[in-house]
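Structure, as structure tokens:
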Amino acid sequence: QVQLVESGGGLVQAGGSLRLSCAASGGTISTYTMGWFRQAPGMEREFVASINWSGSSTRYAESVKGRFTISRDNAKNTVDLQMSSLKPEDTAVYYCAASLYYGTQAMEGKYPYWGQGTQVTVSS
């Protein structure tokens, strides 16, 4: 069973950038669809971005399109989320997740494996 650990969160000013990383252990993620989700205080967890097993296909939530970029390195067993032009509304706990479904996936229920999350706080 794959285990996921996120890193790279922190406090940043609006307009700044952060790069989140998700490291997998206990198995290779090279055949998994990977995703990033986030949960703001008092809100439900929401989809942010997804990438297919090869990295050839990506999908983004409208709210982050053009500002966030998801990427993966199957040799290193990692998935990254580069976040730019950050806004206060991007403040949330960000989660990495792995899915066995083919292609990019935006539905939380299709991801059985989750990390513990990393906090991102964007100040205005």
Side-chain angles (χ1 to χ4, degrees):
Q1 180 172 332
V2 65
Q3 290 93 42
L4 305 172
V5 178
E6 303 92 339
S7 62
L11 174 64
V12 63
Q13 288 189 329
S17 300
L18 275 178
R19 188 176 185 90
L20 305 183
S21 187
C22 173
S25 61
T28 177
I29 60 169
S30 62
T31 58
Y32 287 76
T33 288
M34 300 299 294
W36 284 95
F37 290 75
R38 67 186 181 186
Q39 187 169 22
M43 305 291 285
E44 292 187 354
R45 190 154 55 185
E46 65 175 3
F47 169 75
V48 175
S50 178
I51 188 167
N52 73 334
W53 70 273
S54 67
S56 63
S57 180
T58 58
R59 184 194 300 195
Y60 297 93
E62 285 298 322
S63 59
V64 307
K65 199 173 289 185
R67 300 189 298 122
F68 291 11
T69 302
I70 188 171
S71 61
R72 67 189 299 158
D73 187 332
N74 287 340
K76 295 182 178 180
N77 233 19
T78 58
V79 178
D80 289 352
L81 184 69
Q82 177 66 48
M83 306 185 295
S84 303
S85 302
L86 283 162
K87 305 175 181 180
E89 51 263 44
D90 294 318
T91 294
V93 177
Y94 283 71
Y95 297 89
C96 173
S99 171
L100 292 169
Y101 282 85
Y102 180 78
T104 58
Q105 301 294 334
M107 293 180 61
E108 183 176 335
K110 292 191 174 181
Y111 290 84
Y113 306 113
W114 293 82
Q116 293 300 306
T118 185
Q119 176 71 47
V120 171
T121 303
V122 184
S123 63
S124 57

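Just so you know, these numbers use all the heavy atoms, side chains as well, and skip hydrogens, waters and symmetry mates.
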Note, [X] side chain near [Y] side chain (heavy atom, < 4.5 Å):
X   : Y    : value
T91 : Q119 : yes
V2  : I29  : yes
R38 : V64  : yes
V12 : M83  : no
V79 : I70  : yes
V5  : S25  : no

Atom [atom1] in [X], atom [atom2] in [Y]: separation rounded to 0.5 Å?
X    : Y    : atom1 : atom2 : answer
R72  : N52  : CZ    : CG    : 7.0 Å
L100 : T31  : CG    : OG1   : 7.0 Å
E46  : E108 : CD    : CD    : 10.5 Å
I51  : R59  : CD1   : CZ    : 13.0 Å
R19  : S84  : CZ    : OG    : 9.5 Å
K87  : S124 : NZ    : OG    : 14.0 Å

If you compare all heavy atoms of [X] against all heavy atoms of [Y], which two are closest, and at what distance to 0.1 Å?
X   : Y    : result
L18 : V120 : CD1-CG1, 3.9 Å
A23 : T78  : CA-CG2, 4.3 Å
A24 : L4   : CB-CD2, 3.7 Å
A92 : A40  : CB-N, 3.8 Å

- Query: Quick one: hydrophobic cluster around M43, which other residues, with the 4.5 Å side-chain cut-off, linked directly or via members?
  - Reply: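 Noted: M43 shares its cluster with no other residue.
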- Query: Can you tell me if CD on Q116 sees more than 12 non-hydrogen neighbours from other groups inside 6.0 Å?
  - Reply: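 No, the 6.0 Å shell around CD holds no more than 12 heavy atoms from other groups.
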- Query: Is atom NZ of K110 surrounded by more than 12 heavy atoms (other residues, nucleotides or ligands) closer than 6.0 Å?
  - Reply: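 Count over threshold, so yes.
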With no hydrogens and no angle check, is any side-chain donor or acceptor of [X] less than 3.5 Å from a backbone partner on [Y]?
X   : Y    : answer
S50 : T104 : no
S99 : T33  : no
E6  : G117 : yes
S85 : R67  : no

- Task: Run the numbers on D80 and S21 for side-chain hydrogen bond (donor to acceptor under 3.5 Å, both in side chains), then give the verdict.
- Result: CA-CA 4 Å; D80 289 352; S21 187; 2.9 Å; yes
- Task: May I have all residue pairs that pass ring pair (Phe, Tyr, Trp, His ring centres under 6.0 Å) and include part of residues 36-82, sequence neighbours excluded?
- Result: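 Qualifying pairs: F37-F47, F37-Y111, F37-W114.
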- Sequence neighbours left out, what passes salt bridge (charged side-chain N to carboxylate O under 4.0 Å, His left out) with E44? Give chain and number order.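 With sequence neighbours excluded, E44 shows a salt bridge (charged side-chain N to carboxylate O under 4.0 Å, His left out) to no residue whatsoever.
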- Message: Do Y95 and M34 sit in one hydrophobic cluster, given that two such residues count as connected whenever their side-chain heavy atoms are within less than 4.5 Å of each other, even indirectly?
- Response: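 No, Y95 does not connect to M34 through the hydrophobic network.
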